[in-house]
Amino acid sequence: MKLEEALGRIRPASKETMDAAKERWDNIAMPLHSLGRLQDTIVRIAGMTGNVEVSLKKKALLVMCADNGVVEEGVTQTGQEVTLLVAENMVKQEAVSSLFCRRAGADLFPVDVGIAAESHAINRKIAWGTKNMTKGPAMTRQEAEKAIEVGISMVEELKEKGYTIIATGEMGIGNTTTSSAVTAVLLGQDPARVTGRGAGLSSAGLDRKVDAIRRAIALNQPDPEDPVDVLAKVGGLDLAGLVGAFIGGAAMRIPVVADGFISCAAALCALRICPQVKDYLITSHRSKEPGAAMVLEALDVPAFLDCDMCLGEGTGAVAIYPLLDMAMTIYGGMTTFAENNMDNYVPLT
């Protein structure tokens, strides 16, 4: 599906359905709103789907994999060959995210949107990695839009296969650098405020990373009012694919769960393209990366967990699946006050 068509399909979540879901919670034999954000999220999912009978039985993790040319600047502890290695481990069900999915009852779909080598991941390759953004734009605007459309089409395919909720993740050495650059531009922040050590940089490495981001922004002059321009100039193919996943979720009326800093930076781009995407967004955890709190504040969708996680791959997003399953056990199977011959709780002032 093309980007413009997807954007044209997006409508606000159903307030009527959310009201009905909230009423259902209020009739369950327990104190009002005693499951807090768990209840709120099930209510939101009802509004997303337009169906008070919420189902989360078929879960997916969609991981966008791509390489980033900025690794030439010494901004990472490892080389970009690790992108391919981890993507192949996902295919073999041997990555950390694979084991998380196995425990949570989710299916993993790694997508090659721009790995700089041949891979066995789902082939949606737009380019063999991006260019070094300190020397020019990371990619063309057309490449960025094509990568966004990869994410949209993957969500469309997963919904057609019966998946009812999609977690998002990424694999791409150098993508905390691109995410920090995108975040700095969109939030108008100095790169030093939003940039962290990623997968374990030294202090000297962090200095190189911040310097590379500053040089890339100064050279390319991305337009903060044009998220696609920002993605093309200082972002990555994996980020753009994730942007498409969030837009696709809104277009297909299916909940999409953001992972940590990188995934949330992509979600911020998606919301800047179409604010109604927020209605279909669930955030999972507050990443250890310093820019994560600022991005979550900008998204204004509170996350579930604060575990100092920074692994990526969608691990944080998958980690909330068991919590949602527990909430659904109550929402779908708990007795009501009427069935227990009890008076309902009422709000007190």
Side-chain angles (χ1 to χ4, degrees), residues 6-7 10-13 18 36-38 40-45 47-48 62 64 148 151-152 155 165-170 175-176 178-189 193-196 224-228 230-231 234-236 238-251 253-310 312 314-320 323-324:
L7 292 174
I10 297 174
R11 298 290 182 271
M18 286 191 282
R37 195 168 299 158
L38 292 175
D40 296 340
T41 303
I42 301 305
V43 168
R44 291 188 65 226
I45 292 172
M48 296 174 198
L62 180 62
M64 295 294 172
I148 291 171
I152 293 170
V155 170
I165 188 168
I166 299 171
T168 55
E170 38 58 44
N175 61 12
T176 57
T178 55
S179 301
S180 298
V182 167
T183 299
V185 174
L186 291 180
L187 297 184
Q189 295 289 338
R193 287 202 66 207
V194 300
T195 305
E225 301 302 317
D226 183 353
V228 179
V230 178
L231 282 170
V234 297
D238 47 357
L239 276 176
L242 289 171
V243 171
F246 294 115
I247 291 173
R253 303 201 67 167
I254 182 171
V256 179
V257 185
D259 187 30
F261 175 53
I262 297 165
S263 184
C264 284
L268 182 60
C269 283
L271 265 65
R272 292 290 177 88
I273 293 171
C274 178
Q276 287 179 342
V277 167
K278 178 181 175 180
D279 283 3
Y280 299 84
L281 171 67
I282 299 170
T283 59
S284 58
H285 75 110
R286 177 173 169 153
S287 167
K288 190 177 180 180
E289 284 290 299
M294 284 182 274
V295 174
L296 283 170
E297 183 179 359
L299 292 173
D300 192 30
V301 180
F304 282 83
L305 306 174
D306 191 346
C307 303
D308 284 341
M309 295 173 69
C310 57
T315 48
V318 173
I320 73 164
L323 291 173
L324 295 178

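Everything numeric in this text was worked out from a predicted model, so none of it was measured. Residues take their numbers from the sequence shown, with the count starting at 1.
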Is the shortest side-chain heavy-atom distance between [X] and [Y] below 4.5 Å?
{"X": "Cys269", "Y": "Leu231", "answer": "yes"}
{"X": "Ile254", "Y": "Met48", "answer": "no"}
{"X": "Thr183", "Y": "Met294", "answer": "no"}
{"X": "Ile282", "Y": "Ile45", "answer": "yes"}
{"X": "Leu305", "Y": "Leu323", "answer": "yes"}

Please confirm whether the backbone N or O of [Y] pairs with a side-chain atom of [X], one donor and one acceptor, at under 3.5 Å?
{"X": "Ser263", "Y": "Gly260", "answer": "no"}
{"X": "Arg272", "Y": "Val228", "answer": "no"}
{"X": "Arg253", "Y": "Gly47", "answer": "yes"}

Which atoms form the tightest heavy-atom contact between [X] and [Y], and what is the distance?
{"X": "Val295", "Y": "Ala265", "answer": "CG1-N, 3.9 Å"}
{"X": "Thr168", "Y": "Ala258", "answer": "OG1-CA, 3.5 Å"}
{"X": "Pro290", "Y": "Arg193", "answer": "CB-O, 3.9 Å"}
{"X": "Leu299", "Y": "Ala267", "answer": "CD2-C, 3.9 Å"}
{"X": "Asp259", "Y": "His285", "answer": "OD1-NE2, 3.3 Å"}
{"X": "Lys278", "Y": "Val301", "answer": "CG-CG2, 3.9 Å"}

Return the [atom1] to [atom2] distance between [X] and [Y], rounded to the nearest 0.5 Å.
{"X": "Met64", "Y": "Leu242", "atom1": "CE", "atom2": "CG", "value": "6.0 Å"}
{"X": "Leu38", "Y": "Phe304", "atom1": "CG", "atom2": "CZ", "value": "5.5 Å"}
{"X": "Met18", "Y": "Ile42", "atom1": "CE", "atom2": "CD1", "value": "13.5 Å"}
{"X": "Cys274", "Y": "Phe246", "atom1": "SG", "atom2": "CZ", "value": "14.0 Å"}
{"X": "Tyr280", "Y": "Ile166", "atom1": "OH", "atom2": "CD1", "value": "14.0 Å"}
{"X": "Glu170", "Y": "Ser179", "atom1": "CD", "atom2": "OG", "value": "7.0 Å"}

Check: Pick one: which of Val243, Ile247, Leu281 meets side chain to side chain contact (heavy atoms under 4.5 Å, CB included) with Leu271?
Finding: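 Only one of Val243, Ile247, Leu281 forms a side chain to side chain contact (heavy atoms under 4.5 Å, CB included) with Leu271, namely Leu281.
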Notebook entry, point to check: Is it true that atom CZ of Arg286 has more than 12 heavy atoms of other residues, nucleotides or ligands lying nearer than 6.0 Å?
Noted result: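 No, the 6.0 Å shell around CZ holds no more than 12 heavy atoms from other groups.
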Check: Step by step, would you call Thr176 with Glu289 a side-chain contact (heavy atoms from CB on, under 4.5 Å)?
Finding: CA-CA 9 Å; Thr176 57; Glu289 284 290 299; 4.3 Å; yes
Margin query: Leu187 vs Leu268, test: side-chain contact (heavy atoms from CB on, under 4.5 Å). Steps then yes/no.
Written below: CA-CA 10 Å; Leu187 297 184; Leu268 182 60; 3.8 Å; yes
Margin query: With side-chain contact (heavy atoms from CB on, under 4.5 Å) as the criterion, how do Leu239 and Thr178 come out once you've worked through the C-alpha distance, each side chain's angles and the decisive distance to 0.1 Å?
Written below: CA-CA 8 Å; Leu239 276 176; Thr178 55; 3.7 Å; yes
